[in-house]
Amino acid sequence: MALLRKVNQVLLFLLIVTLCAILYKKVHKAAVLKGEADDDPEAPEDMEEEIPVVICAAAGRMGAAMAAINSIYSNTDANVMFYVVGLRSTLPRIRKWIEHSKLREINFRIVEFNPVVLRGKIRPDSSRPELLQPLNFVRFYLPLLIQHHEKVIYLDDDVIVQGDIQELYDTGLALGHAAAFSDDCDLPSAQDTSRLVGLQNTYMGYLDYRKKAIKDLGISPSTCSFNPGVIVANMTEWKHQRITKQLEKWMQKNMEENLYSSSLGGGVATSPMLIVFHGKYSTINPLWHIRHLGWNPDARYSEHFLQEAKLLHWNGRHKPWDFPSVHNDLWESWFVPDPAGIFKLNRNS
């Protein structure tokens, strides 16, 4: 009996030792794997946040989008994902331009925009027909086109980025705000405003205050407008507030009542945004949206001011790839030649 008890004790001791050895190996292996993960640059917790940048590439001005993309990619070390939006007929050309040029190194996704969503929502207007192009309204539908991102940057194609896009992405949005824009009343003193007669910077320039629907908004016509050519958007808030549905409602009301037109501020895509976002948006650092370079070919900024600017926007009729225009050299330094030879610079020479 005593012998049996000793055998049982020995067996129990061996069992305990074995269990301890197994536990030790598991803990040690877990520690090694954790250490390898910590050192692995691809580990999820160490992966750099992806910055989504949405930009449209229209058929007749695709070179603009490519220059903008080139300027962004060349001036940052951030992990940028370019969402290049186009109509179905242009998608192969967009891909060819990127893959057969110096842009082949960028991270990008080509996104098709179906203009059927705009049917019955855009009033024909001959004043500036280029503003009625479907891609002008892509910014209304950001959550439908771009998935899995909390924060998104939208840029017009006629911009050049001279700063690090990470700074723009880090723009803070106040609680409850779905977007950040640049106020049109923050025009820099360096601008020769005497040559920008007719420049619209208030709601009066975009909305027809003779119409009851506009008067009923209770928005003073002298309220500063904002420019939606550069947007930092919060997708969660955008969806929660049903921003797209609100914008579509005002597009349809304009169809019925002609509340705004391109003969006013020239912004058929701007006007509904001014209404929907009134008093409910955050602001972008003014240096991150220097505007009106395309307003008048005789109005120029000082060279020093242009060097300080983080983003330049040739909004207006006079584009830097065409003639006449100003500060073309700043734009052309980022131009990426068209592999298909279709897009050409017009220098009137």
Side-chain angles (χ1 to χ4, degrees), residues 53-56 61 64-65 67-68 71-72 75 128 130-131 135-136 138-139 153-163 165 167-168 171 179-207 222-233 262 264-274 277 281-322 324-332 334:
V53 175
V54 179
I55 192 162
C56 297
R61 44 197 284 169
S71 69
I72 296 166
N75 286 307
R128 288 192 65 187
E130 75 275 13
L131 296 176
L135 293 182
N136 262 344
V138 162
R139 70 199 89 191
I153 293 174
Y154 167 88
L155 299 176
D156 276 354
D157 61 358
D158 51 353
V159 307
I160 288 297
V161 173
Q162 300 186 136
I165 198 72
E167 293 180 26
L168 181 60
T171 297
F181 306 98
S182 289
D183 282 321
D184 278 334
C185 290
D186 67 1
L187 290 174
S189 58
Q191 180 65 59
D192 183 0
T193 53
S194 65
R195 292 185 175 179
L196 295 182
V197 176
L199 181 66
Q200 308 296 341
N201 66 352
T202 65
Y203 274 57
M204 174 67 86
Y206 292 90
L207 305 177
S222 62
T223 300
C224 288
S225 56
F226 58 80
N227 188 299
V230 176
I231 308 173
V232 180
S262 61
L264 290 171
V268 290
T270 299
S271 299
M273 297 195 85
L274 290 176
F277 283 100
Y281 66 91
S282 298
T283 55
I284 291 171
N285 181 332
L287 287 177
W288 268 102
H289 195 178
I290 302 303
R291 304 177 296 290
H292 313 306
L293 276 75
W295 191 263
N296 186 322
D298 295 321
R300 302 180 67 88
Y301 285 94
S302 73
E303 293 303 318
H304 174 73
F305 182 75
L306 292 171
Q307 290 172 7
E308 296 294 317
K310 306 285 189 176
L311 182 147
L312 304 173
H313 188 184
W314 279 262
N315 58 311
R317 297 174 184 266
H318 304 282
K319 304 304 183 186
W321 56 88
D322 214 339
S325 58
V326 296
H327 305 300
N328 315 27
D329 55 325
L330 293 175
W331 187 88
E332 283 188 36
W334 301 107

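All heavy atoms count here, side chains included; hydrogens, waters and symmetry mates do not.
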Measuring from [X]:[atom1] to [Y]:[atom2], what's the distance to the nearest 0.5 Å?
| X | Y | atom1 | atom2 | result |
| --- | --- | --- | --- | --- |
| S222 | Y203 | OG | OH | 11.5 Å |
| I290 | L312 | CD1 | CG | 7.5 Å |
| N136 | C56 | CG | SG | 8.0 Å |

Under the side chain to side chain donor-acceptor pair (under 3.5 Å) test, residues paired with [X] that sit two or more places apart:
| X | result |
| --- | --- |
| S282 | H177 |
| S225 | D184 |
| W321 | none |
| N328 | S325 |

Task: For D322, salt bridge (charged side-chain N to carboxylate O under 4.0 Å, His left out) partners two or more places apart - done: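 Partners of D322 under the salt bridge (charged side-chain N to carboxylate O under 4.0 Å, His left out) test: none.
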
Task: Set of salt bridge (charged side-chain N to carboxylate O under 4.0 Å, His left out) partners for E308, sequence neighbours left out - done: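 Partners of E308 under the salt bridge (charged side-chain N to carboxylate O under 4.0 Å, His left out) test: none.
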
Task: Test side-chain contact (heavy atoms from CB on, under 4.5 Å) applied to E303 - qualifying residues, sequence neighbours left out - done: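 Once residues adjacent in sequence are excluded, the partners of E303 under the side-chain contact (heavy atoms from CB on, under 4.5 Å) criterion are R300, L306, H327.
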
Task: side-chain contact (heavy atoms from CB on, under 4.5 Å) partners of A233, counting only residues at least two apart - done: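 Listed in chain order: L142, I231, M235, W238.
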
Under a 4.5 Å cut-off applied to non-hydrogen side-chain atoms, are [X] and [Y] in contact?
| X | Y | answer |
| --- | --- | --- |
| L155 | V161 | yes |
| N227 | N315 | yes |
| V232 | L168 | yes |

Task: Contacts of type ring pair (Phe, Tyr, Trp, His ring centres under 6.0 Å), residue H318, not counting sequence neighbours - done: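 None.
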
Task: Residues that F226 engages under ring pair (Phe, Tyr, Trp, His ring centres under 6.0 Å), provided they are two or more places apart - done: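 Here the qualifying residues are F181, Y281.
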
TODO: Give me the ring orientation class for Y301 and F305: parallel if the planes are under 30° apart, tilted from 30 to 60°, perpendicular past 60°.
DONE: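 Geometry flag for F305 against Y301: parallel rings.
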
